[in-house]
Amino acid sequence: IIDPSAETFEIELLAENFEIQVRQLLASETSGIYAVHLMGELTFCFALAVRLQKAGISCLASTTQRQTVDYPDGTKTSRFGFVRFRAYPIL
């Protein structure tokens, strides 16, 4: 959970820590084919994507299609269906 009141430098530190964790997880990967599914808090995702891409690690986002049902009582239900993964642009 990322504190919404966190300062930019705190997000950078968190991204640095996650980069270390990802690199440790991938250290034993021998195929050379891997990517990180990166979604969530926008500034954190950006900071981590920059770091991972510099390390040669691809980052992917998932895309969804929203299906919404509006009910007569004014309530609404939304359902999200996975569509595909999309690569982050090279930063």
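What you see is a predicted model, and the numbers here were worked out from it, not measured in a lab.
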* **Cluster overlap Tyr34 with Val36, hydrophobic side-chain contacts below 4.5 Å** => yes
* To do: Give a yes or no answer on whether the side chain of Thr77 reaches the backbone of Val69 with a donor-acceptor pair at less than 3.5 Å.
  => no
* Structure fact -> Residues Cys59 and Leu38: closest non-hydrogen pair is SG-CD2, 4.2 Å
* Could you tell me which non-hydrogen atom of Ala49 sits nearest to which non-hydrogen atom of Tyr88, and how far apart they are? => CB-CD2, 4.1 Å
* Which atom of Leu60 lies closest to which atom of Ala87, heavy atoms considered -> CD2-CA, 3.7 Å
* Taking the side chain as every heavy atom from C-beta outward, state whether Arg23 and Glu19 have any atom pair closer than 4.5 Å. => yes
* To do: Check Glu12 against Ala47 and note the closest heavy-atom contact, atom names and distance.
  => OE2-CB, 3.9 Å
* Asked: For Phe46, does the CZ atom have more than 12 heavy-atom neighbours from other residues, nucleotides or ligands under 6.0 Å away?
  -> no
* So, does Gln53 use its side chain to make a donor-acceptor pair with the main chain of Pro89 at under 3.5 Å? -> yes
* Any chance you could measure Arg51, atom CZ, to Ile57, atom CD1, to the nearest 0.5 Å? => 11.5 Å
* Report the distance from atom OG1 of Thr68 to atom CZ of Phe80, rounding to the nearest 0.5 Å. => 7.0 Å
* Asked: Would you say the side chain of Ile2 lies within less than 4.5 Å of the side chain of Ile11, judging by non-hydrogen atoms?
  -> yes
* To do: Mind checking the CZ-OG spacing from Arg86 to Ser62? Nearest 0.5 Å is all I need.
  => 10.0 Å
* When you look at CD of Gln67, are more than 12 heavy atoms from neighbouring residues, nucleotides or ligands closer to it than 6.0 Å? -> yes
* Structure fact -> In short, Ser78 meets Arg66 closest at the heavy-atom pair OG-CD, 3.7 Å
* Asked: Linking I/L/V/M/F/W/Y whenever their side-chain heavy atoms sit closer than 4.5 Å, directly or via other members, would Leu26 and Leu52 fall into one cluster?
  -> yes
* Do the side chains of Thr43 and Glu41 get nearer than 4.5 Å, heavy atoms only? -> yes
* Is Leu14 reachable from Leu48 through a run of hydrophobic residues whose side-chain heavy atoms are each under 4.5 Å from the next? -> yes
